Amino acid sequence: MNDAVPAPTPAPAPRRRARVRAPELIGKGGWLNTGGKELTLADLRGKCVVVDFWTFCCVNCLHVLDELRELEEKHRDTVVIIGVHSPKFVHEADHQAVVDAVERYEVHHPVLDDPELATWKQYAVRAWPTLVVIDPEGYVVAQHAGEGHAHAIARLVEELEAAHAAKGTLRRGDGPYVAPEPEATELRFPGKALRLPGGTFLVSDTTRHQLVELAADGESVVRRIGDGERGFADGPAGHARFSEPQGLALLPDGGVAVADTVNHALRRFDPETGGTTTLAGTGLQWWQGSATSGPAPEVSLSSPWDIAWFADRLWIAMAGVHQLWTYDPEAGAVEAVAGTTNEGLVDGPAAEAWFAQPSGLSASADRLWIADSETSAVRWVERDGDGFAVRTAVGTGLFDFGHRDGAAEQALFQHPLGVTALPDGSVAVSDTYNHALRRFDPATGEVSTLATDLREPSDAVLVDGDIVVVESARHRLTRLRLPEEAVRVEAVAHRTQRAATDVTPGRLRLDVVFQAPAGQKLDTRYGPSTRLLVSATPPELLAEGAGQGTDLSRDLVLADGATEGVLHVSAMAASCDDPASGSGSAAEDEYPACHVHQQDWGVPVRVSASGADRLPLVLAGLDA
């Protein structure tokens with residue numbers, strides 16, 4: 001009999017993740033910002049490549065473009081950022097619209113126009129924005145969905161630079177970006193306009209980071225406010241700096257409030273002196289967990305897109321977080337009033353409503369009209385007892401859009417950015433992606449078309465019996481006579497076209513993949529560091545699993561008989577620098593830098609017996 005204790009079985013060696021070669025970059029629309037050259041991944045070998053899947057309607061994508069600017073500049077000789085434009089709306093598949101967007105948002109890297117989502121499908125992308133990092137040898141090393149990942153990618157890039165410099169596989173030098181020739185126009189992609197009491201027009205000249213005062217003819221330049229460089233500076237007209245300003249509104253004191261969108265700030269322009277000061281915002285973007293009320297200069301904002309005076313307050317269309325905020329000039333304070341930060345279309349008490357990039361505001365006597373762009377909807381806020389309520393006039397949700405007149409319940413818009421209250425109680429709608437000016441009449445419940453052949457109208461101003469439209473992509477103001485009869489157009493309807501994911505009936509495992517970046521750990525100092533919110537369209541798609549929780553994995557149960565729908569998943573994770581990694585200084589160890597990673601997915605699903613029983617969504621890292 002052998003009483004010897006058997007030796008323990010050695011633990012299996014950890015499995016090495018198989019290296020995945022990056023798929024080729026292909027798109028029917030071709031390349032922009034390359035001087036006409038067609039790029040391949042072979043051309044980029046030796047560089048750290050960051051592929052940015054974006055679409056120009058998406059405010060989160062615009063946030064990421066801004067996040068990447070510092071990385072792009074700091075690592076210009078080793079990093080190449082490639083934008084892959086992957087459209088949601090029909091208009092975004094138009095090549096000239098992509099060309100315009102690349103200039104409008106100052107995209108200073110090559111962009112592949114992929115109108116048929118060919119590269120999107122090759123990389124199994126599920127959401128805008130998504131970032132994929134490819135190493136100098138052409139292998140995918142990381143994927144990130146949503147915002148807040150620039151710091152993680154910067155650290156990964158530094159690791160890749162060191163590793164591949166040592167291997168001899170890093171190639172330094174200029175990248176393939178070739179700047180297009182600038183065009184001379186008085187305005188460049190203007191956003192919003194305002195008629196000043198003296199009869200002139202103030203226009204946000206968005207791409208040139210200025211305000212421009214035009215004479216009553218809407219063409220002659222009276223003066224420019226801002227030096228034309230992207231920045232954040234107060235002072236006289238020639239010294240002030242803005243960053244892609246949009247909305248404008250008159251204040252009771254005679255000043256003009258300015259939604260300084262990419263500075264995440266509210267500014268004040270004084271028409272008498274020409275000076276600019278800051279009313280609200282810290283210059284930093286608002287993140288989950290930040291203050292939602294308080295002294296205006298101390299509270300962060302998120303991409304304020306338009307503003308309007310209503311109910312004794314200045315209302316702010318906070319496109320970046322799908323909310324409406326207000327600014328009280330007497331108290332010098334801001335607060336979130338409507339919206340939960342969840343993206344979608346839900347009416348009801350203001351604090352419970354859902355919006356999707358509200359981008360246009362206009363006040364009548366009893367309503368604040370809203371252009372809710374991502375739901376292609378026109379909505380309004382009205383008083384409700386001691387508070388406010390949100391209602392929808394036209395629109396059904398995130399996936400239906402088109403150009404269809406008639407009864408409001410079946411009418412369609414396509415990503416409208418502006419609304420203008422008219423004297424008869426109706427509202428003119430700048431139906432941006434339909435290149436049209438539309439009208440909704442609450443008295444009849446009907447939608448009609450007032451004018452077509454307007455290139456990306458983004459706002460309109462009533463002037464006597466005429467309406468002056470901001471034709472953003474034609475870089476001008478256009479004066480129209482309001483027609484007595486509506487223009488008849490051929491009705492079209494669309495749904496967002498993305499391939500559905502086949503899932504098995506019954507139980508479905510949802511896994512949001514999040515791996516804290518190197519040198520960081522989940523931030524649990526103040527409770528759970530993750531959040532997961534799940535819902536569905538239609539709501540009946542889910543028998544179990546809807547709602548909010550802190551675990552990034554969840555078992556969902558699809559309802560019996562369900563055939564298809566859309567799963568809406570919102571995830572957030574907070575990570576902080578880890579002192580145990582030894583990567584920071586003593587001060588950084590005591591006060592670690594923390595970062596929020598967040599993303600919303602809308603995943604079309606189709607129920608099939610052969611479908612998958614697991615749905616992985618990558619927030620950061622790679623799915624094992």
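None of the values given here were measured: they were computed from a predicted structure.
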Would you please indicate yes or no on a ring centroid separation below 6.0 angstrom for [Y] and [X]?
X: F242; Y: H209; answer: no
X: W128; Y: W601; answer: no
X: W54; Y: H85; answer: yes
X: F53; Y: Y123; answer: yes

For [Y], does its backbone N or O pair with a side-chain atom of [X] as donor and acceptor, under 3.5 Å?
X: D600; Y: H568; value: no
X: R267; Y: R241; value: yes
X: D441; Y: E446; value: no
X: D464; Y: D466; value: no
X: D431; Y: A436; value: no
X: R404; Y: Q410; value: yes
X: T420; Y: A460; value: yes

Using 4.0 Å as the upper bound for N to carboxylate O, is an ion pair formed by [Y] and [X]?
X: E335; Y: R313; answer: no
X: E213; Y: R223; answer: yes
X: R224; Y: E186; answer: yes

Full working for side-chain contact (heavy atoms from CB on, under 4.5 Å) between F388 and R383: CA-CA 4 Å; F388 296 93; R383 289 191 181 276; 3.9 Å; yes
Pairs flagged by ring-ring contact (aromatic ring centres under 6.0 Å, His included) wherever residues 408-430 is involved - sequence neighbours left out: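 Residue pairs passing ring-ring contact (aromatic ring centres under 6.0 Å, His included), neighbours aside: F89-H415, H415-Y433.
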All pairs passing ring-ring contact (aromatic ring centres under 6.0 Å, His included) where residues 458-482 contributes a residue, at least two apart: F189-H475
Distance only, no hydrogens: is a donor on one side chain within 3.5 Å (strictly under) of an acceptor on the other, for [X] and [Y]?
X: T261; Y: Q246; value: no
X: D347; Y: T392; value: yes
X: H91; Y: T432; value: no

Rounded distance [0.5 Å steps], [atom1] in [X] versus [atom2] in [Y]:
X: Q285; Y: N263; atom1: CD; atom2: CG; value: 12.0 Å
X: R188; Y: S472; atom1: CZ; atom2: OG; value: 10.0 Å
X: L314; Y: Y327; atom1: CG; atom2: OH; value: 8.5 Å
X: Q598; Y: H63; atom1: CD; atom2: NE2; value: 9.5 Å

E116: partners by side chain to side chain donor-acceptor pair (under 3.5 Å), with sequence neighbours left out: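 E116: side chain to side chain donor-acceptor pair (under 3.5 Å) contacts with K28.
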Test applied, side-chain contact (heavy atoms from CB on, under 4.5 Å); reference residue, L187; option that passes from V212, V470, V221: V212
